Participant: 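Take a look at this one; I'll ask things after.
Chain identifiers are assigned alphabetically (A, B, ...) following the order of the sequence lines, protein sequences preceding nucleic acid strands; residue numbering begins at 1 within each chain. Quick caveat, the model's predicted, so the values are computed rather than measured.
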2 protein chains.
Amino acid sequence: MRNLTLLTDLYQLTMMYGYSKYEQMDKVAVFDVFYRGVGNNYAIACGLEQVIEYVLNLKFEEDDIEYLRSLKIFDEEFLNLLKNFKFTGDIYAVPEGTVIFPQEPILTVKARMFEAQFIETAILCILNHQTLIATKTAKIVYAAKGSSIAEFGLRRAQGPDAGIYGARAAMIAGCQSTSNVLAGKMFDVPVSGTHAHSWVMSFPTELEAFRAYADIYPDKCLLLCDTYDTLNSGVPNAITVFKELREKGYEPLGIRLDSGDLAYLSREARRMLDEAGFPNAKIFASGDIDENVLQSLDSQNAAIDCYGIGTKLITSMDCPSLGGVYKLAGIENENGELQPKLKMSDTPAKITNPGFKKIVRLYDKNTDKAIADLICLMEENFDNLDEIEIFHPDFSWKRKTVSNFYAKNLVVQIIKQGELVYKFPSVKEIAKYHKESYGEFWNEYKRMLNPHIYKVDLSQKLYDLKQKLLKENKQRG
Amino acid sequence: MRNLTLLTDLYQLTMMYGYSKYEQMDKVAVFDVFYRGVGNNYAIACGLEQVIEYVLNLKFEEDDIEYLRSLKIFDEEFLNLLKNFKFTGDIYAVPEGTVIFPQEPILTVKARMFEAQFIETAILCILNHQTLIATKTAKIVYAAKGSSIAEFGLRRAQGPDAGIYGARAAMIAGCQSTSNVLAGKMFDVPVSGTHAHSWVMSFPTELEAFRAYADIYPDKCLLLCDTYDTLNSGVPNAITVFKELREKGYEPLGIRLDSGDLAYLSREARRMLDEAGFPNAKIFASGDIDENVLQSLDSQNAAIDCYGIGTKLITSMDCPSLGGVYKLAGIENENGELQPKLKMSDTPAKITNPGFKKIVRLYDKNTDKAIADLICLMEENFDNLDEIEIFHPDFSWKRKTVSNFYAKNLVVQIIKQGELVYKFPSVKEIAKYHKESYGEFWNEYKRMLNPHIYKVDLSQKLYDLKQKLLKENKQRG
């Protein structure tokens, strides 16, 4: 495994250097990870396992120390502290695959300032990426209305990790397979793929190429039909080969279309396959597909059974960054008490929520559907209430009384005093859990155009705390 | 180092399996990497060193073979071939940092079909990513008109590699430093960074936080001024601390603004710093900046000396995928002669250029500026011509006679029969070369709005070959 310890911004180290000089470094601080929601009204939490792997494997090797010494901005006392660096704090998080919303603390670090500051950058890099791709995938899978999706994006991913962990996120959020062999091996998920245009071009004719492919995979024969001319050459040649296969006792898997007007070509290909006696041969489509294209194909009655989706999924093309942040929510004072902190901003959405917090999701007892989330203080409990009044965090006159509900705490402890106290589920298990979590939400929240906005409110206690701090900050300013 | 051998699409392996059954695998094939130009009229070649590292380190380990066996789609004969897999072919490429254009073969593989097919996915993944980020960076650096740019994007990168190799690409294309410590160590490039809002919030007051920072870095004092209120608190507190520093014999570096109206705030902060006697204190700005914001800030006379650029650079936000492809250009026939190949398409831009090719760049002898590129066959030579007639590859009546020129071959051999025959320059050397290559082009090609389109033509020989194959393909269709 690579040592990613130095995968951080330099200012984390200069701040740690400062904290160490001010004996501030041992004070316990609380930091929250959350995203602000630009471009994504909901998201799918993803990447926790790799974050925790990073945190538990932190180790400054001799050559790392040597490199930092060469920068000439740290003293030996500080470099010695790094030599013995180890994460000894607590981490809480929502499990991977959970549906999450803007402002919700999806991961919380409670640790010595010295440690908590250091791990910010890598945590954000990993969570931002995988959550982004899982979110994009969930939207694509939703738009596919049950058609299966294969992740095909490795060649267009932003580097090897983006391909590998992007495939992981895609599998968690509902893809059925990936083309990425390394991801298949690492995460024990199905891999898929057949042949490319170069296969067809490497034979004298398309028909010979198809015959050769059918010979080596007679029971998995899927033929790419658009190398020369889809309807005049590709599909007829595929049908010829399918008939030959049937004579040998095999049924074909189907054909793949990778270019052209997929709606028209798929309908025509469907007709040709049906007429030739292959109603069970499936039509796979690929080529610049995303949730918008899926919706358009659906509205045109395209005859496509499965999709291969690459670039637009693996880069989250229309929104290639989640924008998750890591913000100080509290720090111990001289007496060892946690003092809640908030970051001011002229932009209300950028004012942070103070204190040591968790997320509670309220469900309707009749439908088991999610009603609203509450961001609240860690010690709060909503289990035995008959009803609860929730209110909009900015427009607090917008109120609603919820009854006949039950509450679930979304946050679990992952690391306790530096030790792992959580068993990571497999990617397949996370995918199953994700499907359940996603199913707890009405489709009205998921539609592409004008989705209903899910309620994420603050508990009364947290709201009061925030107002108090806002006032104090104002007076100080 | 990680073993990335399985970083490939499954269909490369199923095709290799097929080639091995058809004794096609030993035929030498030529594949070209090029990009099609959507969203980028020019690009900066980047990522070659990591591609070659991947190719030279390919090795199927026992557990890789075991995994492939578990898929139950390959036989033992094939798995044995993989056990001994090694790249034994040739690779040609343009050096990293070179300005390149759509359709130009920036990397060419000439190898046994079995080998050339396998390496497609990883080559594209690596080159697409780094070329994308280098290209975005070049545009940002151009728009910054000489103000220095620090790369700050690690936390928003699409995973660790995207941060690490994105920083590498950014440094090659003109950034002055990166916040990414691991990239600094790996590529021997300057790192930069000071402190974040959490530093300020961890002290009782902003002034105490600034004093503490000035104490630990008296000769590198750069203060982040927007935690509470930039003009009413941040800048005045910074000035107080700068005065205290000066009394101790130090001059401050400056201030950083990370939010708000950067044009207005920077002008006001400049005025305040000047009036307080700190005309040399620099103003750094960060926060959602890209080339469009830079142009806007420039037009508003913003008083910003240096920029920190994160999300929009490291993800190439407005165009997060380069779309480079790897296409078969020729394959040996039964007699061991290379038969040029082209891929047909209804979309003319998608028809590939056949044969074993290179890129030649023509320069004006008086200005040393680039005039046009020619994609031509490897054996062609334009060195001793007095004049040459170039013509548009699609509208061939658009012709121009070029005289008083000299020609440079852009392509060099990197791997010869599996052996490295190229010495990789350092990132700093590549950055220097990039600056030269970029300087060979008139600014008219680089402007954001309606840039002049640089001429990339085919040599007469290549044009004739392509027309011949188009005709033959048509007759076959």
Participant: For the CG atom of A/Leu82 and the CD atom of A/Glu61, what is their distance to the nearest 0.5 Å?
Facilitator: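 Answer for the CG-CD pair, A/Leu82 versus A/Glu61, is 13.0 Å.
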
Participant: Below 30° counts as parallel, above 60° as perpendicular, anything between as tilted: where do the rings of A/Phe78 and A/Phe114 land?
Facilitator: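 Rings of A/Phe78 and A/Phe114: perpendicular, over 60°.
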
Participant: What distance do A/Thr178 atom OG1 and A/Ile164 atom CD1 have between them, rounded to the nearest 0.5 Å?
Facilitator: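 Here the rounded value is 10.5 Å.
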
Participant: Please identify, among B/Val191, B/Leu328, B/Asp9, B/Thr5, the residue contributing the most non-hydrogen atom pairs under 4.5 Å to chain A.
Facilitator: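 Maximum pair count with chain A is reached by B/Asp9.
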
Participant: Between A/Leu13, A/Thr14, A/Leu124, who has the most heavy-atom pairs with chain B when the cutoff is under 4.5 Å?
Facilitator: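 Most heavy-atom pairs under 4.5 Å with chain B: A/Thr14.
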
Participant: Check the orientation of A/Trp199 and B/Tyr22. Use parallel for under 30°, tilted for 30 to 60°, and perpendicular for over 60°.
Facilitator: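 Correct class here is perpendicular.
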
Participant: Let me know if B/Tyr67 has heavy atoms under 4.5 Å from chain A in its side chain, its backbone, both or neither.
Facilitator: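 Contact with chain A: side chain only.
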
Participant: Would you say B/Met317 and A/Pro320 make side-chain contact, with heavy atoms under 4.5 Å?
Facilitator: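 Contact flag for B/Met317/A/Pro320 side chains = yes.
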
Participant: Examine whether an atom of B/Gln339 lies under 4.5 Å from a heavy atom of chain A, and if so say whether it belongs to the side chain, the backbone or both; otherwise answer neither.
Facilitator: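 For B/Gln339, no heavy atom lies under 4.5 Å from chain A.
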
Participant: Mind ranking A/Leu4, A/Asp219, A/Asp229, A/Asp63 by heavy-atom pairs under 4.5 Å with chain B and telling me who comes out on top?
Facilitator: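 Max contact count across the listed options: A/Asp63.
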
Participant: Stepwise, does the ring-ring contact (aromatic ring centres under 6.0 Å, His included) test hold for B/Phe152 with A/Tyr11?
Facilitator: CA-CA 10 Å; B/Phe152 269 18; A/Tyr11 79 0; 7.3 Å; no

Participant: Nearest 0.5 angstrom please: B/Leu224 CG to B/Glu206 CD, how far?
Facilitator: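 Between atom CG of B/Leu224 and atom CD of B/Glu206 there are 8.5 Å.
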
Participant: So for B/Ile126, is it side chain, backbone, both, or neither that comes closer than 4.5 Å to the heavy atoms of chain A?
Facilitator: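 Just its side chain gets close to chain A.
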
Participant: Which one, B/Leu182, B/Thr227, B/Val181, B/Asn3, leads in non-hydrogen pairs under 4.5 Å with chain A?
Facilitator: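 Answer, by heavy-atom pair count under 4.5 Å with chain A: B/Val181.
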
Participant: Please look at B/Lys312 and chain A and tell me whether the side chain, the backbone, both or neither of the residue comes under 4.5 angstrom of a heavy atom of that chain.
Facilitator: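 Interface part for B/Lys312: neither.
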
Participant: Quick one: pull up OG in B/Ser316 and CD in A/Gln158 and give me the separation to the nearest 0.5 Å.
Facilitator: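 CD of A/Gln158 is found 7.0 Å from OG of B/Ser316.
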
Participant: Quick check on B/Tyr19 against chain A: is it the side chain, the backbone, both or neither that has a heavy atom closer than 4.5 Å?
Facilitator: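 Answer is both: backbone and side chain atoms of B/Tyr19 are under 4.5 Å from chain A.
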
Participant: If you tally heavy-atom pairs under 4.5 Å against chain A, which of B/Leu71, B/Ile314, B/Thr121 wins?
Facilitator: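 That would be B/Thr121.
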
Participant: So which of A/Thr311, A/Thr315, A/Leu342 has the largest heavy-atom pair count under 4.5 angstrom toward chain B?
Facilitator: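 Between A/Thr311, A/Thr315, A/Leu342, the count favours A/Thr315.
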
Participant: With a 4.0 Å cut-off on N to O distance, would you call B/Lys343 and A/Asp226 a salt bridge?
Facilitator: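 A/Asp226 and B/Lys343: not salt-bridged.
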
Participant: If you count heavy-atom pairs under 4.5 Å between each of B/Gly184, B/Gly153, B/Pro190 and chain A, which one has the most?
Facilitator: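 Top count of heavy-atom pairs under 4.5 Å with chain A: B/Gly184.
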
Participant: Find the distance between CG (B/Asp75) and OH (B/Tyr17) and round it off to the nearest 0.5 Å.
Facilitator: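 One gets 3.5 Å once the value is rounded to the nearest 0.5 Å.
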
Participant: With only heavy atoms counted, which part of B/Leu68 is less than 4.5 Å from chain A, the side chain, the backbone, both or neither?
Facilitator: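 For B/Leu68, the side chain is the part near chain A, not the backbone.
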
Participant: I'd like to verify something: which residue of A/Pro160, A/Ser192, A/Ser259, A/Ser70 has the highest number of heavy-atom pairs under 4.5 Å with chain B?
Facilitator: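 It is A/Pro160.
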
Participant: Do you know which of B/Gln24, B/Gln12, B/His197 has the most heavy-atom pairs with chain A at a distance under 4.5 angstrom?
Facilitator: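 When all of B/Gln24, B/Gln12, B/His197 are compared, B/Gln24 has the most.
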
Participant: Determine, stepwise, if the pair B/Thr8 / B/Phe118 fulfils side-chain contact (heavy atoms from CB on, under 4.5 Å).
Facilitator: CA-CA 7 Å; B/Thr8 190; B/Phe118 181 67; 3.6 Å; yes

Participant: Identify which of A/Lys327, A/Glu120, A/Met186, A/Lys350 forms the greatest number of heavy-atom pairs closer than 4.5 Å to chain B.
Facilitator: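 Between A/Lys327, A/Glu120, A/Met186, A/Lys350, the count favours A/Glu120.
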
Participant: Side chain, backbone, both or neither: which part of B/Gln50 has an atom under 4.5 Å from a heavy atom of chain A?
Facilitator: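 The answer is neither part of B/Gln50.
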
Participant: Given that the side chain runs from C-beta out, which part of A/Leu7 has a heavy atom under 4.5 Å from chain B: side chain, backbone, both or neither?
Facilitator: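 For A/Leu7, the contact with chain B is made by backbone and side chain together.
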
Participant: With a 4.5 angstrom heavy-atom cut-off, could you sort out which part of B/Phe31 is near chain A: side chain, backbone, both or neither?
Facilitator: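 The answer is the side chain of B/Phe31.
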
Participant: Any chance you could measure B/Arg155, atom CZ, to A/Cys125, atom SG, to the nearest 0.5 Å?
Facilitator: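 B/Arg155 atom CZ to A/Cys125 atom SG measures 10.0 Å (nearest 0.5 Å).
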
Participant: With a 6.0 Å cut-off on ring centres, are A/Tyr217 and A/Tyr213 close enough?
Facilitator: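 Under 6.0 Å, so yes.
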
Participant: Given the options B/Ala122, B/Ala196, B/Ala162, B/Ala183, which has more heavy-atom pairs under 4.5 Å with chain A than any of the others?
Facilitator: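 With the most close heavy-atom pairs to chain A, the winner is B/Ala196.
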
Participant: Can you say whether B/Lys220 sits under 4.5 Å from chain A via the side chain, the backbone, both, or neither, judging by heavy atoms?
Facilitator: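 Contact with chain A involves the side chain of B/Lys220 alone.
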
Participant: With only heavy atoms counted, which part of B/Leu154 is less than 4.5 Å from chain A, the side chain, the backbone, both or neither?
Facilitator: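 Both the backbone and the side chain of B/Leu154 come within 4.5 Å of chain A.
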
Participant: Answer yes or no: is there an ion pair linking B/Arg2 with B/Asp161, defined by an N-O contact shorter than 4.0 Å?
Facilitator: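 Yes, charged N to carboxylate O under 4.0 Å.
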
Participant: If you count heavy-atom pairs within less than 4.5 Å of chain B, which of A/Met113, A/Lys185, A/Gln130, A/His195 leads?
Facilitator: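 Highest number of pairs under 4.5 Å: A/Lys185.
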
